[in-house]
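This report concerns only the one structure given below.
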Amino acid sequence: MRLSMVMAMDRNKLIGKDGGLPWHLPAELAYFKRVTMGKVLIMGRKTYVSIGKPLPGRVSIVVSASGQLTGEKFEQYLADGRLYLCQSLDDAIQLAQDLTAQLKPDHESGIDDGANVLQHAEAAIIGGAQLCEAAMPQVDRLYLTVIDAEFEGDTWLHSFDESDWQEQSVSNVQLDNLNVAYRVLDRAHRSRSV
Ligand SMILES: NC(=O)c1ccc[n+]([C@@H]2O[C@H](COP(=O)([O-])OP(=O)(O)OC[C@H]3O[C@@H](n4cnc5c(N)ncnc54)[C@H](OP(=O)(O)O)[C@@H]3O)[C@@H](O)[C@H]2O)c1
């Protein structure tokens, strides 16, 4: 299974504000939906709380060391198998692997980035910053939306280091007069110095 991460940030690596997103960009959310549809998603407890429910057409694994997840219909979602709760990232990745092996390939989902995404079983880390920091060393591919602007907020993707990654593709668009780059990055394999 390939482990991916799907995140959006501004030019200063800002990703969050007051528990939500710093921007309102429906087209970016549509891109997120396309990339994640049909997949198993792993998220931190605060990100799950901000979304408020399992995302349709996807399986959500929430990581919470405290295990204190509550919310509307929480028990129902667990019973339906749309939501899982894990107390460690390692448990969540193992569960994602098991669940991904059971999912049927959906050729309508994902994006065509020219790198045969659909031939890979792929689970995705979808934030927030705390979970990304723990998961980053294990991530093979990063779907990174970069909004070329400066927003205000309180949460940053400091764990992203450009030098660890090699760009596979980029699509530049304008959303609400903002320059936005949809980047697909794979982990760079550095040659070992002797
Ligand atoms: N721009 C984007 O693409 C994007 C994507 C996602 C989220 N966000 C934003 O990011 C912000 C939330 O990020 P955040 O960093 O504050 O929170 P987060 O990572 O979503 O959640 C943090 C919580 O998740 C649990 N957790 C995280 N890592 C863990 C680990 N390795 N092991 C066990 N439990 C772990 C802990 O839960 P317990 O306290 O229950 O133990 C922790 O308190 C929000 O503003 C959200 O809107 C932005």
Side-chain angles (χ1 to χ4, degrees), residues 3-37 39-55 58-71 74-75 77-78 83-97 111 122-139 141-162 165 170-171 173 175-176 178-185:
L3 186 63
S4 296
M5 183 180 281
V6 187
M7 294 296 291
M9 67 181 197
D10 81 355
R11 68 164 78 113
N12 298 319
K13 302 187 186 177
L14 182 78
I15 65 158
K17 180 185 181 187
D18 301 332
L21 297 175
W23 45 77
H24 176 68
L25 292 173
E28 206 287 317
L29 293 177
Y31 174 81
F32 172 84
K33 184 175 179 182
R34 228 163 58 243
V35 174
T36 57
M37 189 50 70
K39 293 179 184 162
V40 177
L41 309 181
I42 304 174
M43 68 201 80
R45 182 199 29 101
K46 292 180 184 172
T47 293
Y48 176 75
V49 168
S50 80
I51 298 171
K53 59 181 186 201
L55 291 163
R58 288 146 280 187
V59 174
S60 297
I61 302 176
V62 178
V63 183
S64 165
S66 71
Q68 297 295 315
L69 191 58
T70 53
F74 165 62
E75 300 288 346
Y77 296 140
L78 285 176
L83 182 66
Y84 292 82
L85 185 56
C86 288
Q87 286 188 266
S88 77
L89 174 63
D90 285 350
D91 286 356
I93 292 174
Q94 183 59 56
L95 177 60
Q97 192 133 25
I111 60 162
E122 189 175 54
I125 305 278
I126 61 158
Q130 190 182 333
L131 187 69
C132 286
E133 185 175 0
M136 193 62 88
Q138 299 187 63
V139 170
R141 169 166 286 197
L142 186 47
Y143 297 91
L144 184 64
T145 299
V146 183
I147 304 162
D148 190 16
E150 291 184 2
F151 291 84
E152 289 186 359
D154 49 34
T155 312
W156 289 265
L157 193 66
H158 291 307
S159 56
F160 171 67
D161 181 343
E162 182 78 42
W165 299 92
V170 61
S171 167
V173 297
L175 304 179
D176 279 0
L178 298 168
N179 291 321
V180 174
Y182 294 121
R183 306 180 69 197
V184 179
L185 308 169

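Predicted, not measured: the structure shown is a model, and the values here were computed from it. Order of listing sets the numbers, starting from 1, for every ligand and every atom in it.
In terms of protein heavy-atom proximity, atom 18 (P) of ligand 1 is closest to Gly128 N, 3.6 Å. In terms of protein heavy atoms, atom 2 (C) of ligand 1 is closest to Ala8 O, 3.5 Å. Ranking protein heavy atoms by distance to atom 34 (N) of ligand 1, first place goes to Ala65 N, 3.3 Å.
For CD of Glu133, the number of neighbouring non-hydrogen atoms (other residues, nucleotides, ligands) closer than 6.0 Å is 12 at most.
How far OG1 of Thr155 is from CE of Met9: 14.5 Å, rounded to the nearest 0.5 Å. Going from atom CD1 of Ile125 over to atom CG of Leu3 covers 4.5 Å, rounded to the nearest 0.5 Å.
Among Gly20, Ala129, Ser88, the residue whose heavy atom lies closest to atom 46 (C) of ligand 1 is Gly20. The option with the heavy atom closest to atom 29 (C) of ligand 1, from among Val63, Ile15, Thr47, is Val63.
Checking side-chain atoms of Arg11 against main-chain N and O of Asp148 turns up a donor-acceptor pair under 3.5 Å. For the pair Asp154 (side chain) and Asp18 (backbone), a donor-acceptor distance under 3.5 Å is present. The backbone N or O of Gly128 lies less than 3.5 Å from a partner atom in the side chain of Thr47, making a donor-acceptor pair.
Any N or O atom pair closer than 3.5 Å counts here, and Arg45 shares at least one such pair with ligand 1. Taking distance alone, with nitrogen or oxygen atoms compared against 3.5 Å, Gln130 approaches ligand 1 more closely than that limit. Below 3.5 Å of separation, one finds no N or O of Gly67 facing any N or O of ligand 1. Not one N or O of Met7 is nearer than 3.5 Å to an N or O of ligand 1, by distance alone. Considering backbone and side-chain N/O atoms, Ala134 never comes within less than 3.5 Å of an N/O atom of ligand 1. Considering backbone and side-chain N/O atoms, Lys46 comes within less than 3.5 Å of an N/O atom of ligand 1. Looking at Met9 next to ligand 1, no N or O pair under 3.5 Å apart turns up.
No side-chain heavy atom of Leu21 sits under 4.5 Å from any side-chain heavy atom of Phe151. Using a 4.5 Å cut-off on side-chain heavy atoms (C-beta onward), Phe32 and Ile126 make contact.
Against a heavy-atom cut-off of under 4.0 Å, Ile126 is close to the following atoms of ligand 1: 5 (C), 6 (C).
When Val63, Leu69, Leu85 are each tested for a side-chain contact (heavy atoms from CB on, under 4.5 Å) with Arg45, only one passes: Leu69.
Residue Lys17 touches ligand 1 through its backbone alone, judged by heavy-atom distances below 4.0 Å. Contact annotation for Asp18 and ligand 1: no heavy atom of the residue comes within less than 4.0 Å of the ligand. Of all the heavy atoms of Ser64, the ones lying under 4.0 Å from any atom of ligand 1 are found in both the backbone and the side chain.
Heavy atoms of Met43 stay at 4.0 angstrom or farther from ligand 1. Within the structure, ligand 1 lacks Gln68 among the residues with a heavy atom less than 4.0 angstrom away.
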